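What you see is a predicted model, and the numbers here were worked out from it, not measured in a lab. Chain letters run A, B, ... following the sequence lines, proteins first, then strands; residues in each count from 1.
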Protein chains: 2
Amino acid sequence: MGTPYYQFCPVAKAMELLDERWTMLVIREMLAGSQRFTELRRGLPRMSPALLSKRLRELSAAGLVTRTEDHGGTRYLLTPAGSELEPIVVALGGWAVRWIGELGDPDLDPKLLMWDLHRHVNRPELPGGRLVVSFAFSDVPPRQRYWWLVCNDGEVDVCDRDPGFEATIGVRTALRTLIKIWRGDLDWAQAARAGALTVDGSGEMHRLLPRLFLLPGGRWAQAPAPG
Amino acid sequence: MGTPYYQFCPVAKAMELLDERWTMLVIREMLAGSQRFTELRRGLPRMSPALLSKRLRELSAAGLVTRTEDHGGTRYLLTPAGSELEPIVVALGGWAVRWIGELGDPDLDPKLLMWDLHRHVNRPELPGGRLVVSFAFSDVPPRQRYWWLVCNDGEVDVCDRDPGFEATIGVRTALRTLIKIWRGDLDWAQAARAGALTVDGSGEMHRLLPRLFLLPGGRWAQAPAPG
DNA sequence: CAGGATCCGGTCTGATACTG
DNA sequence: CAGTATCAGACCGGATCCTG
């Protein structure tokens, strides 16, 4: 737990626990479905494993997270107390979308975007068989420019090297543009019309793309905005 | 601003700013109506003035707070961006009331309670003339045991020494009990019936007491609780 | 009233390596 | 896979005293 505030105000009690660096992001990851240490690390690549381990222990001591052993691994799950933070996390996101427009270049991490896209693939929309979506980001250095999502049988994998299969859909755009779409600032069609995004693939694939991901943009918009 | 997370996720962008220690409490104080440096200090007695000053500068740079000079003082006001954090602060309080029941003795600070009661006096219910409410906390060391609220013409002052006027209402209880009432865990009548609280004063004053303060308890209860 | 200056100590970062 | 170990350095927060 964080350093105490020595205040009985519930806001202070909540923040003693929640305002430590990384804590809310760990909870965000768990709300997004990550349960294993390694999954959490993928969503929090700049957090050291030592610190992640410490935060998980703190959250577990506070009763927001349970730790269970299961066939060869540890699984972390949110308790009801942890899950009830969801509307707050969503509201924080909504607030930031409204008031923190500017993203610096270092915030634009392609591997985080791909990791999040991978878990928002709209499974019911997937055609049978394999679907490969390739991404090429014009504004990213060559080493991190090319990415693939390989969907097969409801499984989705992220690759940062050519998986060998031909892409069913190719998306060429700036990382910044795709992040705008992810946030809900822009939609696929708007970006394409503006020439900021090009889709390669059959007409069917063109029509599929906007439905392929359940992006969080909608949730930020739902977040309570008073007035 | 805090150390960056280097994530484009709006939750991360929000927390870069908001998860620094004390920041949310400064915002809570401003939402509660504090505008001057000294008022803020009274609500945040354990925060050093240097740090408060720094936080106010950060919040101002981030566009959540404006600083204006006015007759012999500096006044801090929330911008729309800052004010829009209100539902989040309330939701955090509600969450903590539901999930962090235990308050340690060091959390029970009588001067914070008196400071907060003083700003929640229900002005319209005040009778004309002077009203003096005395408090005696059975579970607090003598030095901080006795407090008075002096209401006069819509002005309310907190005293930690006998103001000299005879008390119109006397409240004798444990600090812990009064804090439970403040949080909404208990109401005045319940506490009195249970023998945990004694009111001295006329019958009229007995009837006034439960309406004398607009306690935040109701707001925590309103806070969105999913499921 | 609204802070500035200073110093100390704790915490986080970041890198690397190791383990059951 | 799910961490622990270690270590240097940066940075932050706490405390105290001081000022226009």
For [X], which residues count as a side chain to side chain donor-acceptor pair (under 3.5 Å) partner, sequence neighbours excluded?
X      : value
B/D185 : B/R183
A/R176 : A/D105
A/R42  : none
B/W99  : A/E84

Within residues 50-57 of chain A: residues closer than 4.0 Å to DNA chain D (heavy atoms) =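 Hits under 4.0 Å, by residue number: A/S53, A/R57.
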Original post:
Where along residues 17-38 of chain B does a heavy atom fall under 4.0 Å from DNA chain D?
Top reply: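 Those residues whose heavy atoms fall under 4.0 Å from DNA chain D, taken from residues 17-38 of chain B in numerical order, are B/R21, B/W22.
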Inter- and intrachain pairs under side-chain hydrogen bond (donor to acceptor under 3.5 Å, both in side chains), touching residues 124-135 of chain A, at least two apart: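 For residues 124-135 of chain A, and leaving out neighbouring residues, there are no side-chain hydrogen bond (donor to acceptor under 3.5 Å, both in side chains) pairs at all.
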Listing request: all side-chain hydrogen bond (donor to acceptor under 3.5 Å, both in side chains) pairs with a residue in residues 46-63 of chain B, at least two apart in sequence or in separate chains.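 Sorted pair list: B/T23-B/R55, B/S53-B/R57, B/R55-B/E58.
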Provide, to the nearest angstrom, the distance between the [atom1] atom belonging to [X] and the [atom2] atom belonging to [N].
X     : N      : atom1 : atom2 : answer
A/M47 : C/dT11 : CE    : P     : 16 Å
B/L44 : D/dG14 : CG    : C1'   : 15 Å
B/D70 : C/dC1  : CG    : P     : 14 Å
B/R41 : C/dC1  : CZ    : P     : 10 Å
B/Y6  : C/dC12 : OH    : P     : 18 Å

*Would you mind checking if B/D70 and B/R36 are paired as a salt bridge, meaning a charged N to carboxylate O distance below 4.0 Å?*
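A salt bridge is present here (some side-chain N lies under 4.0 Å from a carboxylate O).
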Item to check | Plane angle bin for A/F137 and A/F135 - parallel if under 30°, tilted between 30 and 60°, otherwise perpendicular | outcome: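 Rings of A/F135 and A/F137: parallel, under 30°.
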Heteroatom pairs (N/O) under 3.5 angstrom, protein to nucleotides 16-18 of chain C:
none

message = Please compare A/E39 and B/S48 by the position of their nearest nucleotide in DNA chain D and report the one closer to 5'.
response =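 Looking at the nearest nucleotide for each, A/E39 comes out on the 5' side.
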Subject >> Contacts of A/P216 that satisfy side-chain contact (heavy atoms from CB on, under 4.5 Å) - sequence neighbours left out >> reply: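 For A/P216 the side-chain contact (heavy atoms from CB on, under 4.5 Å) partners, ignoring immediate neighbours, are A/D116, A/W182, A/W220.
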B/A61: side-chain contact (heavy atoms from CB on, under 4.5 Å) partners, not counting sequence neighbours:
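Expected list: B/M1.
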Mind checking ring-ring contact (aromatic ring centres under 6.0 Å, His included) for A/Y5 and listing every partner two or more places apart, or none if nothing turns up?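 Applying ring-ring contact (aromatic ring centres under 6.0 Å, His included) to A/Y5 gives B/W22.
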